[in-house]
Asks: 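My questions will all concern the structure given below.
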There are 2 protein chains.
Amino acid sequence: MKRVTIKDIARIAGVSYATISRALSGSSEVSEQTRKRILEICKQEGYRTNALARSLTCSKTNVIGLVVPDITNPFYAELALEIETFARQMHYNVMLCNSIHYENNIGELMDFLISHQVDGIILGSSRNEARACLHEYHKTIPSVLLGASISDEDEYCVNAVSVDNRAGGRMAAEYLLELGHRDITYLGFRPSSITHQLRYHGFLRAMEQRGLTLNVIENPENSSSLQAGYQLGKQLFAQGLTCTAIFAATDSLALGVIQAADEFNIRIPEDVSLLGFDNISYAALPKITLSTIDQRKSALAESAVRLLVSLIEQPSNDGYAHHMIRPALIERHSCAALQLTKPTP
Amino acid sequence: MKRVTIKDIARIAGVSYATISRALSGSSEVSEQTRKRILEICKQEGYRTNALARSLTCSKTNVIGLVVPDITNPFYAELALEIETFARQMHYNVMLCNSIHYENNIGELMDFLISHQVDGIILGSSRNEARACLHEYHKTIPSVLLGASISDEDEYCVNAVSVDNRAGGRMAAEYLLELGHRDITYLGFRPSSITHQLRYHGFLRAMEQRGLTLNVIENPENSSSLQAGYQLGKQLFAQGLTCTAIFAATDSLALGVIQAADEFNIRIPEDVSLLGFDNISYAALPKITLSTIDQRKSALAESAVRLLVSLIEQPSNDGYAHHMIRPALIERHSCAALQLTKPTP
DNA sequence: CTGTTAGCGCCTTCAA
DNA sequence: TTGAAGGCGCTAACAG
């Protein structure tokens, strides 16, 4: 299993290390014939340049660290793939980590990545702590927060890219309103998350502008899972159907609501409309066909990678950037116009 | 952004590099007081050991490469998380790569990982080419093939762990038979994959033992996607319902079948039973509730990691291991006993 | 218990 | 166009 090194090649070719190095790196200071000869020998001997050693001398690895809560979450899986794709285009590799086992000290994970000399870090998270954590590392390593919104007031010093949650919330409300709904439940609001706060405010604002009130069911958990949605859904349906539409703060919650509705024999959208947020891949499945607000993961990913790479390649940037991506409405079959729900006789 | 190195610490502490190194690595050859002092200084200065440099001198990185076709595929996402978990327990980190952009030359990806000095590689794939590819690298780096079965005949020289596909196929058939089904369609057989071959043979065998014949719909694509399942499903239903149960060779295909069934107003399981294979997370969703054969990803992951680590830590192993994991039946609500389907008057 | 000294594999001046 | 030498940050003998 001994690896062949640049030295071995040099010995075989009868030249010095430096020449090999030059030949490999495409330097023009090598005669074409020796280069060809060297390349030939490399092939034959199965030479592979040692990325570690190279990175050590160059003090640049060309890898960016990506941390996501849980790759099993389809939203982050899709995001991760997009990020890898864009990064590769820009000649960076990505080192992926799940933060699920580090919930309370993402710093440890950051340290791990830093000690592996990643050139920069993209931290995917919607939790508020992530923002604070990244803030601490801001001067240590180029980094961008992905997915979590930054509040406008407290100017936390982090670079971030996220969907425009306020606009997304408004968009959701307006869609439901246009369908004629007036009695709407906002399900799964998680007050501790800025992301959720903005989403909620956008939604609420649109309601208030028409003089409508909103029934809110908060999510006491600190994650928006299918299970949480199921519990909240049961809680809602147990008291009888008092609304004609439900906005679930995330698609995962919506999935849980669907499950709860099934148990109560409530049909979607005939009995109640359901709108989600995220556009995870599950939402498009047959029988689910959830209408939702798309976070446009591809745009998020591209923006995050571009921002990070610019941070890496042109340091000295003292400011902080916050890129906002416009969300988009995806209409499937979980929302109906109100007339359909309660036909006029 | 200049990082503080072991040298800086040494200078500050007024000792030599070696002492720092020893203090950090928990060597017993350092007095407790100097160690404490050193650790203190490291904290204050924000020292982080450079994993690259360490790996270079130790010629061991403690990272294992994991390549999966596409992390967006929930089966592989779950597998990847399990692998990371087990690896961490054994003090290894994992470097994840999607092979989706390298379909035709996984070798390039292998070379990438090797040049990054991973200690070993787990290659997740059900494609036959993967087997051949890994075979070439067998003597270059410890590696194990995950998910793809090895045929018993052609003793390809690779270490592998996979579910026992033949047993899984048999299990699927027997379940359907016990429910009283006799007219069964095997949907999505992909002859080019050994994995599929074994699964199919197990299934067929069980049928033949009862003197029954099997309606087979092959999948001409080289991947078992929802889209493929949808096409095959339409093809099946277009000719009228001639079977009482369908076995879909993978859950993804089954999802497509569900979609097709919806269009034809065919109810599952009332009109036809549907059984999948894999137990991807989608299968458990409300309204889907797909009965399926579980690949027991956790067991697969653990077995693969253990095998690889043993290969890494005790080389000189000349043989080839093939671990088989017993699949398990997961009953949900997509299969019904035949009586329910066609009640006796 | 602590310091000195080689490297690990590669890149990059500086000479030739 | 090519060679020699130093150094990236760290570990592991080998001495003291």
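What you are looking at is a predicted structure, and each value in this text was computed from that prediction instead of being measured. Lettering of chains follows the sequences in order, A, B, ..., and the numbering in each one begins at 1.
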Asks: Please state how far atom CG in Asn50(B) lies from atom C1' in dC8(D), giving the value in whole angstrom units.
Replies: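 To the nearest whole Å, that distance equals 9 Å.
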Asks: Distance check needed: dG9(D) P versus Lys60(B) NZ, whole Å only.
Replies: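 Spelled out: NZ on Lys60(B) to P on dG9(D) is 24 Å.
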Asks: Surrounding CZ of Arg306(B) (heavy atoms of other residues, nucleotides or ligands, distance under 6.0 Å), is the total greater than 12?
Replies: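 No.
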Asks: Look at Thr19(B) and dG3(C) and indicate whether a side-chain polar atom (N or O) is within less than 4.0 Å of OP1 or OP2.
Replies: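 It does, given that an N or O in the side chain of Thr19(B) lies less than 4.0 Å from OP1 or OP2 of dG3(C).
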Asks: Tell me: CG of Leu56(B) to P of dA6(C), nearest whole Å?
Replies: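 Nearest whole value for this atom pair: 18 Å.
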Asks: Between Arg11(A) (CZ) and dG9(C) (C1'), how many Å, whole number?
Replies: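 Whole-Å distance recorded here is 14 Å.
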Asks: Tell me which of Ala53(B) and Gly14(B) sits closer to the 5' end of DNA chain C, going by the nucleotide each one is nearest to.
Replies: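 Mapping each residue to its closest nucleotide by heavy atoms, the 5'-most match is Gly14(B).
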Asks: If you check every side-chain atom of Ile6(A), which of dC10(C), dC8(C), dG3(D) has the closest atom?
Replies: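 Closest of the options to the side chain of Ile6(A): dC10(C).
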Asks: Thr57(A) side chain N/O closer than 4.0 Å to the phosphate oxygens (OP1, OP2) of dC11(C)?
Replies: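 The answer is no; no side-chain N or O of Thr57(A) sits under 4.0 Å from OP1 or OP2.
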Asks: Please examine the side chains of Thr72(B) and Ile100(B), heavy atoms only from C-beta on, and report whether any two atoms are closer than 4.5 Å.
Replies: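 Of all side-chain heavy-atom pairs linking Thr72(B) with Ile100(B), none is under 4.5 Å.
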Asks: Under 6.0 Å from the OH atom of Tyr17(A), do we count more than 12 heavy atoms belonging to anything else shown?
Replies: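 No, not enclosed.
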Asks: What contact category does Thr34(B) fall into here, base, sugar-phosphate, or nothing, at under 4.0 angstrom with non-hydrogen atoms?
Replies: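 Sugar-phosphate contact only - Thr34(B) comes under 4.0 Å of backbone atoms but never of a base.
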Asks: May I ask you to decide whether Glu82(A) forms a salt bridge with Lys297(A), counting only side-chain N to carboxylate O separations under 4.0 Å?
Replies: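 Salt bridge flag = no for Lys297(A) with Glu82(A).
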Asks: In whole angstroms, how far is the P atom of dG9(D) from the CG atom of Leu24(B)?
Replies: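 Leu24(B) atom CG is separated from dG9(D) atom P by 15 Å.
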Asks: Would you state whether a donor and an acceptor, one from the side chain of Arg48(B) and one from the base of dG9(D), lie under 3.5 Å apart?
Replies: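 For Arg48(B), whose side chain was compared with the base of dG9(D), there is no donor-acceptor pair (under 3.5 Å).
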Asks: Can you work out whether Ala18(A) or Ile20(B) has the more 5'-proximal nearest nucleotide on DNA chain D?
Replies: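 First, find each residue's nearest nucleotide; the 5'-ward one identifies Ala18(A).
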Asks: Check this one for me: any side-chain N or O of Ser16(B) less than 4.0 Å away from OP1 or OP2 of dT2(C)?
Replies: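 False: Ser16(B) side-chain N/O out of range (4.0 Å or more) of dT2(C) OP1/OP2.
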Asks: Given dT1(D), is OP1 or OP2 found less than 4.0 Å from the side-chain N or O atoms of Ser31(A)?
Replies: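 For dT1(D), OP1/OP2 do not have a side-chain N/O of Ser31(A) under 4.0 Å.
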Asks: Below 4.0 angstrom from OP1 or OP2 of dG7(C), is there any side-chain N or O of Tyr17(B)?
Replies: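 So the side-chain polar atoms of Tyr17(B) never come under 4.0 Å of the phosphate oxygens OP1 or OP2 of dG7(C).
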Asks: In this structure, how many angstroms lie between the P atom of dT1(D) and the CD1 atom of Ile38(A), rounded?
Replies: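 Rounding to the nearest Å, CD1 of Ile38(A) and P of dT1(D) are 13 Å apart.
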Asks: Within a 6.0 Å radius of atom OH on Tyr102(A), are there more than 12 heavy atoms belonging to other residues, nucleotides or ligands?
Replies: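 Yes, OH of Tyr102(A) has more than 12 neighbouring heavy atoms, counting only those of other groups under 6.0 Å.
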Asks: From the set dG9(D), dT2(C), dA4(D), return the single nucleotide nearest to any side-chain atom of Thr5(B).
Replies: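 The answer is dG9(D).
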Asks: Salt bridge check, Glu40(B) against Lys36(B): does any charged N sit closer than 4.0 Å to a carboxylate O?
Replies: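 Judged by the 4.0 Å cut-off on N to carboxylate O distance, Lys36(B) and Glu40(B) do not form a salt bridge.
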Asks: Contact class for Thr49(B) (heavy atom, under 4.0 Å): base, sugar-phosphate, or nothing?
Replies: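 Thr49(B): backbone/sugar contact only, no base atoms under 4.0 Å.
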Asks: What is the distance from CZ of Arg54(A) to C1' of dC8(D), rounded to the nearest Å?
Replies: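 Distance, rounded to whole Å: 14 Å.
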Asks: How many Å lie between CG on Leu52(A) and P on dC8(D), as a whole number?
Replies: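 Distance check: Leu52(A) CG to dC8(D) P gives 17 Å.
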Asks: Looking at dC8(D), I'd like to know if its phosphate oxygens (OP1 or OP2) sit under 4.0 Å from a side-chain N or O belonging to Lys7(B).
Replies: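 Indeed, a polar side-chain atom of Lys7(B) lies that close.
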